[in-house]
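These values consider heavy atoms only, across backbone and side chains, with no hydrogens, waters or symmetry-generated copies.
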Amino acid sequence: YIELVEIPFDFISRFYGYYVYESYRYSKRIYEHLIKDIHTFDFIYSKGFTGWYLLLNKKNFFPKIGIKLHGYEMYQYATDVKTKLQHYLLRIPAATVTKKADVVFSYGGKITELLVHTLKINREKIIELPTGIEKKLIVDHVTEWHSPLVFVFIGRYEKRKGIENLNDAIIRLLKENKHFTFHFIGDIPDELKISDSKIIYHGKITDYFQVSEILKGCDVLVCPSYSEGMPNVIVEAMANGLTVMVTDVGAISLLINEERGYLLNSNHSDDIFKMMNTILSETKETIQAKKERCLKHIRNFVWEKIADDLISHLKKFLPPR
């Protein structure tokens, strides 16, 4: 059976590195809640650092403990010195919980390779489990290719999302008088907004269906990130019948390949510019075919299938009945 219990916790500290300290405190609170009934569980699934204290105090009679650390971005490229320092600080608890866990969940792709080669995790204790989407949110068919082509970026402003490099590429395309439209969905600072009728800023939108309506009027999601896990925005774009241009990081290759979209080897502005130029020179048939393949492929990532796969994997780690 499933029992949902809320364990509230306020992060009260604000010194440098407070997130790690407060995460440790929160994991201890979770431990104190679970320990009295620890023998009743068959398996404990821990997201982020929530299982930190539990793993540090793990006993032989404990159930198997699995951890999920999103995309292990702290081991991926850092955009500046501050981010690099944050990464080094986060690597301490990340390595601790990953190495002490009985099971490590990975999105797959380069994340699994990072676990094996950087953290030296045995492949046998890694379960590859992608992100997913509700079946009802996948459209029945893709919209017709637009002329001029319509691009879209979704996400809040973070340097690792590559927005500055994307802006440089867009400005070069505008100077060459290329015909396209570009939508931005998310909080983009005013100083980074490009003043041109071809560029449309929607601001932050939290309603999925409102975002979906915008996506249905687009052709290509652009995701030029420095680091990623397995972004929901790519899954959602594919579910709405878009093809995707994306940096080949994290577990991206499980979603996008050259048959379905466009993989960037780097997110340098030159590479983004060249790839967008390539896309703009593609035939209608090529773009439409990639959109169709994306929609077909994303049907493999519905939550029902992922849940069945998870149960199948976990049976190998559960005690015999």
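- Ile256 and Ile279 are members of different hydrophobic clusters when ILVMFWY side chains are connected at heavy-atom separations under 4.5 Å.
- Checking each of Val220, Ile234, Leu215 against Leu242 for a side chain to side chain contact (heavy atoms under 4.5 Å, CB included) leaves exactly one that passes, namely Leu215.
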If you apply the rule side chain to side chain contact (heavy atoms under 4.5 Å, CB included), what do you find for Ile127 with Lys316, and how did you get there? CA-CA 11 Å; Ile127 292 179; Lys316 298 183 295 184; 5.6 Å; no

I'd like to know whether Asp80 forms a side-chain hydrogen bond (donor to acceptor under 3.5 Å, both in side chains) with Thr83, so could you lay out the CA-CA distance, the side-chain angles of the two residues, the decisive distance to 0.1 Å, and finally the verdict. CA-CA 5 Å; Asp80 50 43; Thr83 304; 2.7 Å; yes

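- At distances below 3.5 Å, not a single donor-acceptor pair connects side-chain atoms of Ser225 with backbone N or O atoms of Glu228.
- The aromatic ring centres of Tyr21 and Tyr19 sit 6.0 Å or more apart.
- Remark: Lys193 NZ is packed, more than 12 non-hydrogen atoms of other residues, nucleotides or ligands lying under 6.0 Å away.
- For the atom pair Ile252 CD1 and Cys223 SG, the distance stands at 6.0 Å (nearest 0.5 Å).
- By the 4.0 Å N-to-carboxylate-O rule, Lys305 lies too far from Asp308 to be salt-bridged with it.
- Between Tyr45 and Phe105, the distance separating the two ring centers is shorter than 6.0 angstrom.
- One finds the CG atom of Asp196 at 11.0 Å from the CG atom of Leu173 (value rounded to the nearest 0.5 Å).
- In this structure, Tyr24 is a member of the same hydrophobic cluster as Phe49, with clusters built from ILVMFWY side-chain heavy atoms closer than 4.5 Å.
- Around CG of Asn265, the count of heavy atoms belonging to other residues, nucleotides or ligands within 6.0 Å does not exceed 12.
- Although no hydrogens or angles enter the test, the distance criterion places no donor-acceptor pair under 3.5 Å between the side chain of Tyr31 and the main chain of Leu56.
- Between His70 and Tyr107, the ring center distance clears the sub-6.0 Å criterion.
- When the shell of 6.0 Å around NE2 of His313 is examined, it contains more than 12 heavy atoms from other residues, nucleotides or ligands.
- Remark: Phe182 CZ to Tyr201 OH distance equals 8.5 Å, nearest 0.5 Å.
- Atom-to-atom distance recorded for Asn267:CG and Met275:CE is 12.0 Å, nearest 0.5 angstrom.
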Kindly determine whether Leu221 and Phe153 satisfy side chain to side chain contact (heavy atoms under 4.5 Å, CB included), including the steps that lead there. CA-CA 6 Å; Leu221 174 76; Phe153 172 93; 5.9 Å; no

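- By the 30° and 60° cut-offs, the orientation of the rings of Tyr75 relative to Tyr72 is tilted.
- The local environment of NZ in Lys28 is sparse, with at most 12 non-hydrogen atoms from other residues, nucleotides or ligands closer than 6.0 Å.
- Ion pairing between a basic and an acidic side chain is recognised when a charged N comes within 4.0 Å of a carboxylate O; Arg123 and Glu113 show such pairing.
- In this structure, Arg172 pairs ionically with Asp270, as a charged nitrogen and a carboxylate oxygen lie closer than 4.0 Å.
- Glu32 and Arg29 are not joined by a salt bridge, as no carboxylate oxygen comes within less than 4.0 angstrom of a charged side-chain nitrogen.
- With respect to Asp42 and Lys64, no salt bridge is recorded, no charged nitrogen being found less than 4.0 Å from a carboxylate O.
- When side chains are defined from C-beta on, Val244 does not count as touching Leu255, because their heavy atoms never get closer than 4.5 Å.
- By the neighbour-count criterion of 12 heavy atoms within 6.0 Å, atom CD of Glu124 is sparsely surrounded, having that number or fewer from other residues, nucleotides or ligands.
- The two residues Ile188 and Gly155 come nearest to each other via the heavy atoms CD1-O, 4.3 Å.
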Begin with the C-alpha distance, continue with both residues' side-chain angles, and end with the deciding distance and a verdict on side chain to side chain contact (heavy atoms under 4.5 Å, CB included) for Ser27 and Thr50. CA-CA 5 Å; Ser27 73; Thr50 55; 5.6 Å; no

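- Salt bridge present: Asp219 and Lys291 bring a charged side-chain N and a carboxylate O closer than 4.0 Å.
- No more than 12 heavy atoms of other residues, nucleotides or ligands sit less than 6.0 Å from atom CD of Glu258.
- In this structure, Asn57 contributes its side chain and Tyr53 its backbone to a donor-acceptor pair below 3.5 Å.
- Between Ile126 and Val116 the shortest side-chain heavy-atom distance falls below 4.5 Å.
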Begin from the C-alpha positions of Tyr157 and Ile163 and carry the test side chain to side chain contact (heavy atoms under 4.5 Å, CB included) through to its verdict. CA-CA 7 Å; Tyr157 172 69; Ile163 294 176; 3.7 Å; yes

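- One finds no salt bridge joining Lys290 and Glu292 here, because no Lys/Arg side-chain nitrogen approaches an Asp/Glu carboxylate oxygen to under 4.0 Å.
- In this structure, Lys204 places its NZ atom where only 12 or fewer heavy-atom neighbours from other residues, nucleotides or ligands lie under 6.0 Å away.
- There is no side-chain donor-acceptor pair under 3.5 Å between Glu158 and Tyr226.
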